[in-house]
There are 2 protein chains.
Amino acid sequence: MKPTISIIEVARLAGVSKSTVSRVISDRGGSVSPKALDAVNSAIQELGYTRNTIAAGFRMQRTGMVLLLVPDIANPFWSEITRAAQDRLEEEDYSVVVGNTDWSEQRETRYYKLARSGRFDGLILNSVTDDIAAILAIGLPAVMIGERAESQALDTTGTDTRMATRMALDYLWETGHRRIAIATTEHGSERFLSLRRKVYEDFLLEKGLALDADLAFSVKLSEEGGRELVRELVELPRWRDRVDAVLCGNDIMAISAINAFREAGVEPGKDISLVGMDDIPAAAHTFPALTTVRKPRSLMGAMAADLLLSRFEDPAKPPERRLFPGELVLRGSVAKRGRA
Amino acid sequence: MKPTISIIEVARLAGVSKSTVSRVISDRGGSVSPKALDAVNSAIQELGYTRNTIAAGFRMQRTGMVLLLVPDIANPFWSEITRAAQDRLEEEDYSVVVGNTDWSEQRETRYYKLARSGRFDGLILNSVTDDIAAILAIGLPAVMIGERAESQALDTTGTDTRMATRMALDYLWETGHRRIAIATTEHGSERFLSLRRKVYEDFLLEKGLALDADLAFSVKLSEEGGRELVRELVELPRWRDRVDAVLCGNDIMAISAINAFREAGVEPGKDISLVGMDDIPAAAHTFPALTTVRKPRSLMGAMAADLLLSRFEDPAKPPERRLFPGELVLRGSVAKRGRA
DNA sequence: CTGAAAGCGCTAACAA
DNA sequence: TTGTTAGCGCTTTCAG
């Protein structure tokens with residue numbers, strides 16, 4: 001583009017060696033006389049020099065970049081986590097590259113490959129699969145967002161899924177629901193049931209409710225998933241006798257389901273109760289507004305960044321796990337039912 | 001971390017020079033004998049070598065990174081543009097770093113500085129200000145998303161703002177509205193009125209309607225902005241006689257306004273008509289659903305990427321401008337009024 | 001406090 | 001087809 005201007009030009013103009021210039025621009029306290037410092041600074045000014053961080057990073061074996069992998073950047077839940085992590089990381093002069101896996105294992109694998117390219121100092125991710133070994137194999141400091149059964153080996157942050165799920169279920173119980181369905185994603189290896197699903201089964205057991213296998217839906221955590229849920233649900237024989245509420249894996253799905261139910265002539269918040277998970281902004285604006293479990297997105301994002309940062313400082317320290325509690329937000333999508 | 005393994009180790013194991021290894025790993029068709037190629041490939045396999053793209057890029061004066069600056073990544077409008085641009089760019093082996101300016105000039109300036117760090121090959125942005133000179137000064141190929149009055153010098157994509165605004169205004173006129181307010185952001189230098197605002201004034205003139213300065217609101221394109229709009233509007237003396245519709249700068253603001261109006265005891269879609277801009281998913285799920293102008297987000301994102309890519313190919317070619325038409329989406333937030 | 005010199009991992013002439 | 005050599009811009013010993 002333009003004749004690149006490097007420390008060598010600055011050094012020449014300032015009448016010092018490039019070492020001295022280097023000592024000035026990298027703030028790591030190399031001792032420079034006030035006079036030299038002045039000369040260098042004016043030279044920098046005059047030439048409009050900016051430090052080439054790529055070159056510096058290259059030399060220092062450090063890129064100043066962090067890869068953040070999320071499943072759906074268009075979901076406000078993830079964009080806010082992203083933003084918070086980014087804000088925190090940028091304070092420490094790291095730049096963040098956001099990768100969108102779209103819930104696809106294939107795309108995730110592609111990103112793992114990118115992560116091995118030497119471009120990044122670290123990795124924050126919500127992985128689609130539970131293949132912790134693959135993440136470890138990247139050989140980069142990594143932080144997981146969201147609990148994973150096998151992820152003892154990774155720094156982890158997220159919401160306490162057990163507690164959040166339980167909160168929603170208890171609320172449905174208290175409001176008189178006895179035929180509760182759940183819609184989660186059960187992906188990949190069948191040997192692993194999602195945490196949410198487990199909590200659900202424990203809950204049924206505890207309350208002495210029968211487990212109706214038809215009422216445990218596995219759909220995507222997307223608008224499409226919400227529509228699919230409704231489609232499958234209303235096709236169940238005698239469904240109105242078999243289900244009075246459904247706990248959705250996230251708000252995106254729940255909101256989509258609200259709309260799909262209404263289109264199918266089922267009135268959400270009356271004929272059927274819905275509870276979401278996340279509390280994205282749109283949850284407050286649907287009709288009826290969505291009862292959901294709020295997750296502290298900003299805290300989670302910032303925590304992920306902090307965990308990574310402290311892992312940079314001490315690569316050898318034992319993995320940490322920092323979970324936040326959720327908060328039940330009561331709105332209009334759950335009916336109050338007299339006890340059956 | 002681990003004893004870095006470089007082409008030099010590969011070369012040694014394969015019994016060739018590092019140039020040969022380089023020729024193999026960079027696919028730019030340097031001729032290599034089948035035999036050598038085999039040897040190198042097995043060595044790579046055996047050693048688990050991965051190319052250090054930072055080093056390669058450093059040498060080639062190319063980083064493979066593009067900086068994408070958006071004002072609000074949590075707004076689905078921008079996250080979808082981001083995703084589309086990213087998808088296109090990744091096809092060409094570029095990685096995308098997303099910067100969130102939060103409509104802040106200060107943050108934008110910080111990002112311009114980052115852009116000058118040598119980390120990026122190019123820049124795609126929706127700038128907060130109209131300071132094209134500052135963007136040019138970065139010295140990087142740049143593509144602007146969204147029309148800018150002064151941006152003849154930059155490759156530009158976006159929606160035809162004039163047409164989109166006009167569409168909305170005409171629709172309000174046809175449905176019998178005669179007291180139309182507008183809510184846009186008028187920032188920075190007062191000498192510059194937003195395009196939208198100009199179209200609005202032209203429209204009033206053409207229809208012989210009086211320009212009521214109180215009805216041109218300048219608020220942020222955010223939830224906060226929507227609330228502020230309503231707050232200011234309902235405090236206008238005799239407002240019910242002075243305004244029957246408002247055209248909002250984007251959907252986020254419009255949806256927030258819908259809710260704020262209802263809380264203020266004003267029924268949207270009846271007492272007041274609202275038109276948004278963008279057609280984000282939530283627009284379909286509000287109550288009443290939002291009438292708005294749809295913008296082709298994916299096309300815009302992909303076009304931005306394409307413009308940048310072709311600018312890489314030919315840095316000298318004249319700037320292009322590719323605008324897409326908007327599409328009016330009729331829903332429930334606009335009342336049908338008998339002619340006054 | 002400062003300069004000379006040696007690379008970080010890779011690519012690109014240029015010779016052979 | 002291959003190897004040798006010279007860096008990309010910066011940091012960092014090591015002498016001075």
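All chains are named by letter (A, B, ...) in the order of the sequence lines, taking the proteins before the strands, and each is independently numbered beginning at 1. Excluded from the calculations below are hydrogen atoms, water molecules and symmetry mates; all remaining heavy atoms, backbone and side chain alike, are included.
What you find for Val96(B) and Val97(A) is that their closest heavy atoms are O-CG1, 3.1 Å. Here the shortest heavy-atom pairing between Gly301(A) and Ala84(A) reads CA-CB, 4.0 Å. Summarising the geometry of Val40(A) relative to Val10(A), their closest heavy-atom pair is O-CG1, 4.1 Å, with the distance given to 0.1 Å.
Taking every nucleotide of DNA chain D with any atom under 4.0 Å from a non-hydrogen atom of chain A, the first and last of them, 5' to 3', are dG9(D) to dT12(D).
Checking the phosphate oxygens (OP1, OP2) of dT2(C), a side-chain nitrogen or oxygen of Ser33(A) falls inside 4.0 Å.
Taking a 6.0 Å sphere around NZ of Lys317(B), one finds it holds more than 12 heavy atoms contributed by other residues, nucleotides or ligands. The 12-atom threshold is exceeded at CD of Glu91(B), counting heavy atoms of other residues, nucleotides or ligands nearer than 6.0 Å.
A cation-pi arrangement is found for Arg62(B) relative to Tyr94(B), the charged atom lying closer than 6.0 Å to the ring centre and inside a 45° cone about the ring normal.
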Under a 4.0 Å heavy-atom criterion, the protein footprint on nucleotides 8-16 of chain C, written with B, S and -, is BBBBB----
Audit row: Tyr112(B), Glu108(B), side chain to side chain donor-acceptor pair (under 3.5 Å) steps and yes/no: CA-CA 6 Å; Tyr112(B) 286 180; Glu108(B) 184 164 281; 3.3 Å; yes
Please report the C-alpha distance between Glu147(B) and Arg321(B) in whole Å, then the side-chain angles of each, then the deciding distance to 0.1 Å, and finally whether the salt bridge (Lys or Arg N to Asp or Glu O under 4.0 Å) criterion is met. CA-CA 9 Å; Glu147(B) 295 181 86; Arg321(B) 161 178 291 252; 3.5 Å; yes
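Using a 4.0 Å cutoff on non-hydrogen atoms, no part of residues 111-123 of chain A comes near DNA chain D.
Side-chain N or O atoms of Arg116(B) include none that pairs as donor or acceptor with a backbone N or O of Tyr49(A) at under 3.5 Å.
Taking the side chain as every heavy atom from C-beta outward, Glu90(B) and Arg110(A) approach each other to under 4.5 Å.
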